[in-house]
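Accompanying notes for the structure given below.
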Amino acid sequence: MRKIIVHEFISLDGVIQAPGSPTEDTDGGFAHGGWTLPYWHDEIGAHFGQIFADADALLLGRKTWQGHAAAFEPNPEGDPFNGFKKFVVSTTLQSADGWRDSTLISSNVVEEVRKLKSQPGKSIVMDGSSILLHTLIENDLVDEYALHVYPLVLGDGKRLFPDGKRVNLKLTESAVLPTGVLYQRYEPERK
Amino acid sequence: MRKLIVSTQVSMDSVIENPQNWVFDYVNDEFFKYASDQLFAADMLIMGRVTYEGFAEAWPARAGADAFADRMNSLPKYVASRTWKGPLTWNANLIQEDVVKEVAMLKDGSGGSILQYGSGELTRTLLQHGLIDEFRMMVYPVAVGMGLRIFENIEQTPMKLLETKTFRTGVVILHYQPANK
C-alpha cells in the first residue's frame with residue numbers, strides 16, 4: 001500500500017493558509033500570505049528532497065495545483081516534480097492540461113484516493129490543499145505528516161486539522177532549524 | 001525584573017480546552033519533572049476568573065497529596081476580573097482595575113517567575129502590552145477536533161524559539177519569546 005505523506009508549513013496557532021505569497025490564497029480575507037518567507041533556510045529544501053526521493057506522485061487540491069502549475073509548467077527544468085504523476089481534485093476544473101502528467105479527479109474522491117494508494121508505486125505527496133486534506137484526514141487516508149512549524153502566531157486562517165475528528169499521532173522526528181523553524185514528522189496511530 | 005511565563009498544554013490542532021480528555025496517555029516522569037521544575041521556579045501565579053474558579057475548587061482538595069499540589073496551594077495568586085464580587089479564597093488577591101499596570105508592578109521586583117497556566121483574555125491583554133516574557137507550550141501528539149484554542153483572538157505575533165525538548169511520549173516542549181519583548 002502506498003503512503004500519503006502530507007507536507008505543510010504551519011504556524012504556532014495551526015494555520016497553513018498561503019505560506020508562500022500574499023496572493024496565494026486570500027480566502028476569508030486572509031492578509032498574512034507569505035508568512036514563511038523571512039524564515040527560509042536551505043535545510044527546508046533538504047527536507048523536501050528527502051520526502052520527494054521516496055515519492056513518485058503528487059495529490060493536490062485545485063488551488064494548490066493551479067499555483068504549482070503556473071510556476072512549473074513553463075519551466076520543466078526547474079520543476080521539482082518532474083517525472084511525478086500529479087492528481088488534482090476539483091469539481092470545477094474542466095481539464096488537467098495546465099501541468100504535464102496531471103490527472104483530474106472530479107468525483108468519488110475518497111474512493112479514487114483509496115484506489116491510488118492500492119496501486120503499485122512510491123509514496124504520494126500532498127502539500128497545501130487544505131480542503132482536500134480535511135477530507136483525507138476525516139477518512140483516515142493520511143499516513144504521515146511532515147510539518148515545518150514557524151515561530152509565529154497568525155491569528156486566523158485555514159487550519160491543518162478538521163473540526164470534529166480526533167487523530168492520535170506518533171512523533172517520529174523533531175529537529176530545530178537555525179531560523180527557529182521546527183521540522184516535525186508524525187504518523188497516525190492506527191489500532 | 002521578574003519573568004512572566006504563560007504555560008499551556010496544547011493539542012496538535014491548537015486546542016487547550018479540557019486537557020483532561022487527552023493528556024493522560026502521555027503523562028510520565030519527564031512530564032512530572034518538567035511541570036514541577038517550572039512550578040517551583042515560580043513564586044506567584046496569575047490567572048483570569050475562569051481559571052481561578054476551576055483551580056480554587058480543585059486544588060485545595062488535593063492538599064497533602066504531593067509537593068506539587070502543596071506548592072500550588074501555598075503560592076500567592078492574583079486573579080484578574082472586572083466582575084468578581086466578594087472575597088477570594090486559595091491565597092488569592094483580586095486585580096479589578098488596570099490589570100496592565102498591576103501586572104507591570106508585580107513584575108517590577110526581584111524573585112522567581114510569575115506563572116500563568118492556560119491562555120485566554122488575560123493573556124491577550126498582557127501580550128498586547130508587552131508584559132509576557134515567555135510562552136511555553138507542551139504539544140501533545142493528538143488532534144482532538146474541538147475546543148477553545150491557544151492564541152484565540154491574538155493578532156499576528158512573531159516569536160523567537162528559545163528552547164525545545166522532546167519527551168519519550170512524543171510530547172514536545174516549546175519555549176518562545178514574543179518579539180515585543
Side-chain angles (χ1 to χ4, degrees), chain A residues 6 8 10-17 30-39 133-134 137-138 140 142 145 147-189, chain B residues 6 8 10-18 21-26 119 123-124 127-128 132 134-180:
Chain A
V6 169
E8 298 290 344
I10 185 166
S11 71
L12 286 182
D13 50 343
V15 173
I16 60 171
Q17 187 168 354
F30 189 73
H32 312 294
W35 45 272
T36 61
L37 300 176
Y39 303 95
L133 180 58
H134 285 186
I137 293 174
E138 280 157 1
D140 298 316
V142 174
Y145 298 88
L147 306 176
H148 282 106
V149 184
Y150 281 68
L152 84 168
V153 175
L154 290 172
D156 61 6
K158 297 176 181 174
R159 294 171 185 276
L160 171 59
F161 287 98
D163 286 339
K165 173 79 179 175
R166 178 161 175 149
V167 185
N168 291 310
L169 298 159
K170 192 173 148 226
L171 180 73
T172 58
E173 185 176 345
S174 182
V176 181
L177 279 60
T179 50
V181 176
L182 296 162
Y183 181 56
Q184 301 185 313
R185 297 178 79 147
Y186 290 91
E187 291 170 8
E189 285 200 299
Chain B
V6 176
T8 309
V10 56
S11 71
M12 285 297 292
D13 50 346
S14 309
V15 171
I16 59 171
E17 194 175 2
N18 293 323
N21 293 343
W22 39 271
V23 300
F24 289 120
D25 289 345
Y26 307 98
S119 168
T123 313
R124 183 164 68 248
L127 178 63
Q128 278 166 353
I132 295 177
E134 248 184 84
F135 281 98
R136 297 183 175 177
M137 301 162 67
M138 309 171 86
V139 184
Y140 285 73
V142 54
V144 297
M146 66 182 82
L148 276 178
R149 294 196 172 98
I150 190 173
F151 304 125
E152 200 90 52
N153 299 316
I154 284 176
E155 294 185 350
Q156 182 162 354
T157 310
M159 307 250 188
K160 183 180 164 200
L161 180 64
L162 300 175
E163 193 182 333
T164 166
K165 76 178 92 171
T166 304
F167 294 163
R168 293 188 303 277
T169 50
V171 171
V172 179
I173 302 293
L174 303 172
H175 293 187
Y176 289 97
Q177 180 185 55
N180 65 2

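When heavy atoms are compared at a cutoff of 4.5 Å, B:Y26 approaches chain A solely by way of its side chain, counted from C-beta outward. Looking at B:T164, only its side chain comes within 4.5 Å of chain A, counting heavy atoms on both sides. Contact of B:L174 with chain A is made through the side chain alone, with heavy-atom distances under 4.5 Å. Residue A:L147 touches chain B through its side chain alone, counting heavy-atom pairs closer than 4.5 Å. For A:I137, no part sits under 4.5 Å from any heavy atom of chain B, backbone or side chain.
In this structure a side-chain-to-backbone donor-acceptor pair under 3.5 Å is missing from B:W22 to A:N168. In terms of modelled atom types and a separation under 3.5 Å, the side chain of B:E17 and the main chain of B:G147 share no donor-acceptor contact.
Across B:S11, B:A143, B:S14, the residue that shares the most heavy-atom pairs under 4.5 angstrom with chain A is B:A143. Among the candidates A:V181, A:L169, A:V15, the residue making the largest number of heavy-atom pairs closer than 4.5 Å to chain B is A:L169. In terms of non-hydrogen atom pairs under 4.5 Å with chain A, the most contact-rich of B:I150, B:T157, B:L161, B:I154 is B:T157.
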For residues 148-164 of chain A, tabulate all N or O donor-acceptor pairs below 3.5 Å that involve a side-chain atom, not counting sequence neighbours.
from, atom 1, to, atom 2, distance (Å)
A:H148, ND1, A:H7, NE2, 2.8
A:H148, NE2, A:H47, ND1, 2.8
A:D156, OD1, A:H32, NE2, 3.2
A:K158, NZ, A:D25, OD2, 2.7
A:K158, NZ, A:D27, OD2, 2.9
A:R159, NH1, A:D13, O, 2.5
A:D163, OD1, B:R149, NH2, 3.2

Please tabulate, one pair per line, all N/O donor-acceptor pairs under 3.5 Å involving side-chain atoms of residues 170-177 of chain A, not counting sequence neighbours.
from, atom 1, to, atom 2, distance (Å)
A:T172, OG1, A:R185, O, 3.1
A:S174, OG, A:Q184, NE2, 3.4

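Taking CG of B:N18 as the reference point, atom CE of B:M146 lies at 9.5 Å (rounded to 0.5 Å).
Taking all atoms of both residues into account, the shortest heavy-atom contact from A:Y39 to B:P158 is OH-CB, 4.1 Å.
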